[in-house]
Amino acid sequence: MVAITLPDGSVRSFDGAVSGAEVAAAIGPRLAKDALAVKLDGSLKDLATPIEADARIEIVTRGHPDALGLLRHDCAHVLAEAVQELYPGTQVTFGPATETGFYYDFARAQPFSTEDLEKIERRMGEIVDRDEAIVREVWDRAAAIRHFDEGGEKYKAEHIETMAQDAVITIYRQGNWLDLCLGPHLPSTGRLGHAFKLLKVSGAYWRGDSRNEQLQRITGTCWESEKQLKAHLRMLEEAAKRDHRRLGRDMGLFHQQEAAAGSVFWHPKGWTLYRTLETYMRARLEAADYVEVKTPQLIDRALWEASGHWEKFREHMFTAEADEHKVLALKPMNCPAHVQIFRQGITSYRDLPLRMAEFGCCHRNEPSGALHGLMRVRAFTQDDAHIFCTEDQISSETVSFCALLQSIYRDLGFDEVTVKFSDRPATRAGSDETWDKAEGALREAVEEAGLDYTLNPGEGAFYGPKLEFVLRDAIGREWQCGTLQVDFVLPERLDASYIGEDGEKHRPVMLHRAILGSFERFLAILIEQFAGRFPLWLAPVQIVVATITSDADDYALKVRDAFTEAGLRCETDLRNEKINYKVREHSLAKVPVIAVVGRREAEDGKVALRRLGGKTQEFLALGEAVTRVQAESTPPTGA
RNA sequence: GCCGCGGUAGCUCAGGGGUAGAGCACACCCUUGGUAAGGGUGGGGCCGGAGGUUCGAUUCCUCCCCGCGGCACCA
């Protein structure tokens, strides 16, 4: 007798060993048809896996948290089968499920084209329609190696050779095709359905190592239903529409060009946006008791040697030769410079914590392939600060930092923030006691700040544990922006000290922290978050005064002056165009408020305000309009 | 840096061994209008760069640069 406990607590008994498929069938024909896999005492298995002892099981169907991963992994297999049918001689390697779909890496001399992708996708559909049974087999190790070797599948053969001697070699057969795979899989290709789409072909290194040969990666997306697939494809379209590089050009914010690859030419409107964000950040930092500094761009190699950067990060640093004996480097980070300020004079424990902020422009020689609009540049400005404090202050400083960060993210329109907590790596500086203390303080602080966090074991910096703050944007994408890193090493290397209560010299701890990360990247995120439709306080042009006829020109200038004097960013549009045309143009330019003035407004001293995206107008006296727009355009203060 | 795909007007793109194309944008003219495109006319190009093949190259070939999608990288 085998007793099977179902998720609702009910128990079903079977005479002997039973499979998940049989349990599903015993419950009902509908479930039997929908079943994808089975979760057996918490681990995912094939539906055909024999259950020989009492167990708790769940039948996994669409809608189950594990279903998507299964479908995507199967989709990768169906892709591989289609590719090998269509292009004999192509070798298979790995093909896992990912966050939004799956990929499979192939080895083939000839590149896949976009037309190939369409062909492959059609063949995948046929394989699903064939409803090939998917069967798990356990093979002998040597036989498996021989099989793949003789079949010209050197990557698979190599993979088996690197597996543990006692590893169970499982093969999944699907129709005439088979693949080495851990599973589990659906019972047949038909259950995959058609909610998948191939998206692109790109390069990827064998085993993710750039020293290895490069394979061709075919990436696709796969969902539980056509509806979900469509929603995802719409999201991708929406993301493309919001692309900050496109909006940056269309809205006249910035441009980039060959002559300064990886740097930004900010145009007047873009720079206004940048300065507005900077002014906001400066106000928030000042209110949080930070002091602001400015440190040199070019700093002698000797300081970078002392800080350790020259040894570890030389590759990414731009240098300039002052003369044959002197090499200067453009700073890739601000921290060593901040320590120099800290070291001037004598610091007392009474001065701690000292929160030293800089909107520091850094240069890093990023590999050409890494550059991406404003997201990844070679010259960028961090909203950087270093908090010099005692070990006892780590916790309280972290709590207040988390609060400041959350408040700033909220002000900027991001409500969902998560934290990754990276603890001690294998190779590290500092004693275990110090690490215990730092990690404990950080963990306590995150919990007190009320933030959700996930553990990133062993991913901390060699000099200390760190927090990484991830925010979710309007279309569900995640961006890692803020960070807080505890550093015991740099104060030591650069000999920073303070005089304690006991009159002795002590080492301060440094907290490296940033909220936006870099202005460039964060502005890119903001552009995409708002799709260019910035809230009033951030919009580079807040109001356009548009005339209906030239009779209203003089009045329009008066209206513009009134808005400008109230501190608003206002332009006029006096062109000889119809009001429809002007409204359309400024709406497409995403100007938040259009003030329309014609003869009637000029006579009555009024304006007709039209909000971006709105269909109606408000007719207000000029003074009233100014007061109202001014009130709405006040930058947030975290209150 | 690596693989693949691109680079034609300010933008989006078509074309293709023999005078370089469209739409939008821009300029000028007409139109002075009431909340998302009024009409006409016109200017605009080293077809990314360098070499090669050819009577002739924007088109074909080679190399380089830059961009795009990934990979690797991201202290």
Side-chain angles (χ1 to χ4, degrees), chain A residues 98 103 105-114 116-117 199-219 240 243 245-246 249-250 252 255-262 304 307-317 332-333 335-336 362 364-373 375-378 380 461-463 466 480 483 485 487 490 512 517-518 521 546-553 574-589 591 594-601 608-619:
Chain A
T98 62
Y103 65 78
D105 290 345
F106 299 99
R108 176 179 181 240
Q110 207 186 332
F112 290 111
S113 67
T114 8
D116 291 334
L117 241 47
L199 297 175
K200 52 197 160 207
V201 54
S202 58
Y205 297 107
W206 167 237
R207 291 189 188 276
D209 189 328
S210 60
R211 288 167 302 191
N212 290 341
E213 57 240 87
Q214 204 154 69
L215 308 167
Q216 294 189 66
R217 173 168 299 180
I218 296 180
T219 306
D243 192 309
R245 293 164 300 184
R246 165 188 286 269
R249 189 185 54 233
D250 292 351
H255 86 272
Q256 293 174 289
Q257 67 185 55
E258 282 189 46
W304 302 112
S307 70
H309 289 89
W310 194 262
E311 184 204 346
K312 284 205 75 171
F313 315 120
R314 174 71 189 87
E315 296 304 299
H316 298 276
M317 291 167 69
M333 295 174 83
C335 24
C362 295
R364 297 179 188 175
N365 193 1
E366 303 286 358
S368 59
L371 301 180
H372 179 89
M375 295 283 187
R376 191 84 178 270
V377 284
R378 289 187 174 138
F380 56 94
F462 75 95
Y463 49 74
K466 63 182 178 190
Q480 187 181 306
T483 180
Q485 304 172 13
D487 184 356
L490 203 60
H512 305 245
S518 93
R521 180 160 179 275
T547 49
I548 290 169
T549 68
S550 53
D551 292 345
D553 284 3
L574 309 183
R575 291 175 304 171
N576 176 13
E577 296 290 351
K578 292 196 171 182
I579 193 61
N580 284 307
Y581 183 90
K582 294 184 183 182
V583 164
R584 174 180 156 82
E585 200 168 81
H586 300 299
S587 299
L588 289 174
V591 175
I594 303 173
V596 175
V597 296
R599 197 175 296 147
R600 292 209 297 272
E601 287 76 10
L609 290 190
R610 184 198 164 100
R611 309 293 171 142
L612 179 56
K615 293 265 178 278
T616 57
Q617 304 96 47
E618 288 177 284
F619 291 90

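Nucleotides B:C5 and B:C64 place their P atoms 15 Å apart, quoted to the nearest Å. One P atom belongs to B:C11, the other to B:G16, and the distance between them is 23 Å to the nearest Å. Across the P atoms, B:C47 and B:G21 are found 14 Å apart, a figure rounded to whole Å. Taking atom C1' in both B:A50 and B:G39, the straight-line distance is 48 Å, to the nearest Å. The separation of B:G52 from B:G70, taken at their P atoms, amounts to 38 Å, rounded to a whole angstrom. As rounded to the nearest Å, B:A22 and B:C28 have C1' atoms that lie 22 Å from one another.
The phosphate of B:U12 (OP1 or OP2) has no side-chain N or O of A:R246 nearer than 4.0 angstrom. At B:A36, one or more side-chain N or O atoms of A:R610 fall inside 4.0 Å of OP1 or OP2 (strictly under the cut-off). Of the side-chain N and O atoms in A:R245, one or more sit less than 4.0 angstrom from OP1 or OP2 of B:G69. The side chain of A:S368 contributes an N or O atom lying less than 4.0 Å from OP1 or OP2 of B:G1. Residue A:K200 has a polar side-chain atom (N or O) positioned under 4.0 Å from OP1 or OP2 of B:G70. Side-chain N/O atoms of A:H372 include one lying less than 4.0 angstrom from OP1 or OP2 on B:G69.
With a 3.5 Å ceiling on both atom-pair distances, B:A9 lacks any Watson-Crick or G-U wobble partner. When Watson-Crick and G-U wobble pairs are counted only if both distances are under 3.5 Å, B:C63 pairs with B:G49. Look at B:C71: its Watson-Crick or wobble partner, with both distances under 3.5 angstrom, is B:G1. When Watson-Crick and G-U wobble pairs are counted only if both distances are under 3.5 Å, B:U19 pairs with no nucleotide at all. Within the shown strands, nothing qualifies as a pairing partner of B:G34 under the Watson-Crick or G-U definition with both distances less than 3.5 Å. With a cut-off of 3.5 Å on both pairing distances, the Watson-Crick or G-U wobble partner of B:A27 is B:U41.
Looking at the side chain of A:S587, the nearest of the listed nucleotides B:G70, B:A36, B:A72 is B:A36. Closest to the side chain of A:Y581, from the set B:C73, B:G67, B:C26, is B:C26. Distances were taken from every side-chain heavy atom of A:A204 (C-beta onward) to each of B:U35, B:C71, B:A36; the shortest belongs to B:C71. When the nucleotides B:A75, B:U35, B:G67 are ranked by their closest atom to the side chain of A:A261, B:G67 comes out on top. Nearest nucleotide to the side chain of A:P111, out of B:G4, B:C71, B:A36: B:G4. Side-chain proximity of A:N580 to the nucleotides B:G38, B:G33, B:A72 is greatest for B:G38. The side chain of A:R249 sits closest to B:U12 out of B:U12, B:G33, B:A36. Closest contact between the side chain of A:A608 and the listed nucleotides B:A72, B:A36, B:G34 involves B:G34.
Where A:E585 and A:V597 meet RNA chain B, the nucleotide closest to each residue was compared, and A:E585 sits on the side nearer the 5' end. Residues A:S550 and A:Q617 each lie close to RNA chain B; by heavy-atom proximity, the contact nearer the 5' end of the strand is made by A:S550.
If you look at A:H586 and A:Y581, their ring centroids are not closer than 6.0 Å.
Looking at A:R610 and A:E618, no side-chain N of the basic residue comes within less than 4.0 Å of a carboxylate O on the acidic one, giving no salt bridge. Salt-bridge check for A:D209 with A:R211: passed, with a basic side-chain N closer than 4.0 Å to an acidic carboxylate O. A salt bridge is defined here as a Lys NZ or Arg NE, NH1 or NH2 lying under 4.0 Å from an Asp or Glu carboxylate O, and A:E585 with A:R575 meets this definition.
A donor-acceptor contact under 3.5 Å is formed by the side chain of A:E601 with the base of B:G34. Counting atom types as modelled, A:Y205 pairs a side-chain N or O with a base atom of B:G1 as donor and acceptor under 3.5 Å. Residue A:R378 places no side-chain atom within donor-acceptor reach of the base of B:C74, judged by atom type and a 3.5 Å distance cut-off alone. Remark: the A:R314 side chain and the B:A75 base include no donor-acceptor N/O pair separated by less than 3.5 Å. For B:A75, the base has a donor-acceptor partner in the side chain of A:R364 [N/O atoms by modelled type, under 3.5 angstrom].
The two residues A:S587 and A:L612 make their nearest non-hydrogen contact at O-CD1, 3.5 Å. The heavy-atom pair separating A:A546 from A:K582 by the smallest distance is CB-CD, 4.0 Å.
No cation-pi contact links A:R207 to A:Y205, judged by a cut-off of 6.0 Å to the six-membered ring centre and 45° from its axis.
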